[in-house]
Amino acid sequence: MPELPEVETVVRDLRKHGLANTIILGIDVRWSRAVSGLAPAAFAKALIGRAVTGVTRRAKYIVITLDSGSRLLIHLRMTGKLRFIPAGERPGKHDHVVITFDGQRRLVFNDTRKFGRFLLCPASSDPFAKLGPEPLEDTFTVAALRGRLEGKRRMIKPLLLDQATVAGLGNIYVDESLWHAKIHPERRADTLSPLEIRRLHTAIRAVLRRAVENGGTTLGDGAANFYSVAGHRGRNADALNVFRRDGLPCPHCGSPLARMTVGQRGTHFCPACQPLLISPQTGHSA
DNA sequence: AGTCTTGTTCGACT
DNA sequence: CAGTCGAACAAGAC
């Protein structure tokens, strides 16, 4: 499930493979709905002959900038993967888009669940207008987070999963961040104390930074899990403290971790470290 | 063999 | 408008 750290890992991998400064020679759309908004022929026509000028990330989007000024966005959603295949190798099952670059490089988009999308955005459009701040950039200060939570009556977990609040967080890193900050996932955002917001800010950045350093999180085996462009597993699974660890002891207090559903999402937390009780005296978590 | 799981977005509804 | 809820997407795991 690629979230910010996994997408960042993919983007760095693509750069490492020298994707910037290549020319797109061919596009093979093998499943047309993998491309949003354009028919395969129009998509191919817009891309073939274009030079790639850069590869970056915004939220969970891979952003491939082109010399035409437009940008090719790739969202991996749940099971999308990019990998280079050797010349001669035939695309296989769930390989939905193949891009051929100069130098015989062929990049394949593979997606078992078919949720991932390619999106071609003209230079004039701003596809990121609704996204919240990048949590690892310097502009994401405690005050910035406080501003995002201000006046919000929603539960903190669904609010953090909303890409308009903070860009790039997903289920794994929200559960991990809330555990580090000792905040119950169902806490109403506008009941968080300044101290709790500060802890949450620190937690989000530490959790994401570590996951990026570890090349993302890969849980279990199987094709549906995260693999970087080079086919490597993420090494961050060992750094997780609560995600999918219900029943195991809390690394902080030793009491069993719990699982519940919050906003229709599987949610992992420590009932002892992250209590929901509100003290009437302070309005802060007990 | 049917049910569950999984993340995100979007539309409908309150 | 803010927020909640369910649908839709698709296929593998169990």
Side-chain angles (χ1 to χ4, degrees), chain A residues 1-10 29-37 57-63 73-82 92-97 109-119 121 125-132 135 147-178 185-192 204 207-208 211 216-227 234 236-237 240 242-247 258-268:
Chain A
M1 292 151 276
E3 305 178 27
L4 183 153
E6 290 76 31
V7 178
E8 181 65 27
T9 300
V10 168
V29 179
R30 306 162 54 80
W31 185 69
S32 64
R33 284 161 63 197
V35 176
S36 186
R57 179 191 59 76
R58 174 74 169 105
K60 302 176 193 175
Y61 291 94
I62 299 160
V63 183
L73 308 189
I74 303 174
H75 199 300
L76 302 173
R77 285 291 192 99
M78 293 174 67
T79 59
K81 288 171 209 31
L82 293 171
K93 199 178 180 186
H94 309 311
D95 287 341
H96 304 313
V97 180
F109 171 65
N110 176 284
D111 186 12
T112 43
R113 293 280 176 81
K114 296 187 172 175
F115 287 1
R117 290 292 180 266
F118 281 53
L119 193 62
C121 296
S125 76
D126 180 10
F128 306 131
K130 289 180 182 168
L131 291 176
R148 291 276 155 180
L149 305 185
E150 219 156 56
K152 302 289 186 183
R153 302 167 62 86
R154 300 171 68 183
M155 295 184 289
I156 187 64
K157 170 156 178 172
L159 188 58
L160 290 175
L161 287 173
D162 186 338
Q163 300 298 295
T165 306
V166 179
L169 291 173
N171 211 29
I172 296 175
Y173 301 113
V174 166
D175 282 2
E176 292 296 319
S177 297
L178 289 172
E186 289 183 309
R187 280 287 298 285
R188 239 175 68 172
D190 62 359
T191 69
L192 295 179
I204 289 171
V207 162
L208 292 178
T217 300
T218 302
L219 290 162
D221 317 309
N225 295 288
F226 169 71
Y227 291 89
N236 197 60
L240 300 185
V242 287
F243 191 78
R244 286 198 196 155
R245 297 179 61 83
D246 37 306
R259 182 192 154 109
M260 66 185 300
T261 299
V262 178
Q264 293 121 244
R265 315 291 261 280
T267 297
H268 315 76

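Values reported hereafter were calculated over all heavy atoms of this structure, with side chains retained and with hydrogens, waters and symmetry mates removed. Chain letters run A, B, ... following the sequence lines, proteins first and then strands; every chain starts at 1.
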Evaluate the ring planes of A/H96 and A/W31, with Trp represented by its six-membered ring, and classify them as parallel (under 30°), tilted (30 to 60°) or perpendicular (over 60°).
-> tilted
Out of [options], whichever nucleotide has its closest atom nearest the side chain of [X]:
| X | options | value |
| --- | --- | --- |
| A/R244 | B/dT6, C/dG3, C/dC5 | B/dT6 |
| A/K152 | C/dG3, C/dC5, B/dG7 | C/dG3 |
| A/Q264 | B/dG7, C/dG6, B/dT9 | C/dG6 |

Please list, chain by chain and in numerical order, all residues satisfying salt bridge (Lys or Arg N to Asp or Glu O under 4.0 Å) with [X], sequence neighbours excluded.
| X | value |
| --- | --- |
| A/E186 | none |
| A/R244 | none |
| A/R30 | A/D28 |
| A/R77 | none |

What integer distance in Å separates [X]:[atom1] from [N]:[atom2]?
| X | N | atom1 | atom2 | value |
| --- | --- | --- | --- | --- |
| A/H268 | B/dG7 | NE2 | C1' | 14 Å |
| A/D162 | C/dT4 | CG | P | 11 Å |
| A/L159 | C/dC5 | CG | P | 15 Å |
| A/K157 | C/dC5 | NZ | P | 15 Å |
| A/R148 | C/dG3 | CZ | P | 13 Å |
| A/L161 | B/dC10 | CG | C1' | 16 Å |
| A/R188 | C/dT4 | CZ | P | 10 Å |
| A/E6 | B/dT6 | CD | P | 16 Å |

What residues, two or more places apart in sequence or in another chain, satisfy side-chain contact (heavy atoms from CB on, under 4.5 Å) together with [X]?
| X | answer |
| --- | --- |
| A/P2 | A/E6, A/V7, A/L76 |
| A/F243 | A/N171, A/I172, A/D175, A/E176, A/L219, A/L240, A/H268 |
| A/S32 | A/P40 |
| A/R113 | A/M78, A/T79, A/D111, A/F115 |

Which parts of residues 164-174 of chain A get close to DNA chain B, meaning a heavy atom less than 4.0 angstrom away?
->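 Residues of residues 164-174 of chain A that come under 4.0 Å of DNA chain B are, in numerical order, A/G170, A/N171.
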If you look at every strand shown and take non-hydrogen atoms under 4.0 Å, does A/R265 touch a base, only sugar-phosphate, or nothing?
-> base
With sugar-phosphate meaning primed atoms plus P, OP1 and OP2, does A/G266 contact a base, only sugar-phosphate, or nothing at under 4.0 Å between heavy atoms?
-> nothing
Do the side chain of A/E3 and the base of B/dG7 come within less than 3.5 angstrom through a donor-acceptor pair of N or O atoms?
-> no
Within a strict 4.5 Å, meaning less than it, do heavy atoms of the A/L73 and A/C121 side chains meet?
->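 Yes - at least one pair of side-chain heavy atoms lies under 4.5 Å apart.
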Give each stem of DNA chain B as a range with a range, requiring at least 3 consecutive Watson-Crick or G-U wobble pairs whose two distances are under 3.5 Å.
-> B:2-14 with C:2-14
Between the protein and nucleotides 12-14 of chain B, list the N/O to N/O atom pairs that are separated by less than 3.5 angstrom.
none

A/R148 side chain to A/A164 main-chain N or O, any donor-acceptor pair under 3.5 Å?
-> yes
Using atom types as modelled and distance alone, determine if a side-chain donor or acceptor of A/R117 lies under 3.5 Å from a backbone N or O of A/R33.
-> yes
Taking OP1 and OP2 of C/dA2, is either one under 4.0 Å from a side-chain nitrogen or oxygen of A/R154?
->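 Looking at the OP1 and OP2 atoms of C/dA2, neither is under 4.0 Å from any side-chain N or O of A/R154.
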Go along nucleotides 8-14 of chain C 5' to 3' and tag each nucleotide: B for a protein heavy atom under 4.0 Å from its base, S when only backbone or sugar atoms are that close, - otherwise.
-> -BBBS--
Trace of the side-chain contact (heavy atoms from CB on, under 4.5 Å) decision for A/V97 with A/I74 | CA-CA 11 Å; A/V97 180; A/I74 303 174; over 6 Å; no
If you pin A/L131 and A/R259 to their nearest nucleotides in DNA chain B, which one's is more 5'?
->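 Its nucleotide being nearer the 5' end, the pick is A/R259.
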In this structure, which one of A/V35, A/V29, A/I62 forms a side-chain contact (heavy atoms from CB on, under 4.5 Å) with A/F118?
->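 Testing each of A/V35, A/V29, A/I62 against A/F118, the sole residue satisfying side-chain contact (heavy atoms from CB on, under 4.5 Å) is A/V35.
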Taking it one step at a time, do A/Y173 and A/N236 satisfy side-chain contact (heavy atoms from CB on, under 4.5 Å)?
-> CA-CA 11 Å; A/Y173 301 113; A/N236 197 60; 3.8 Å; yes
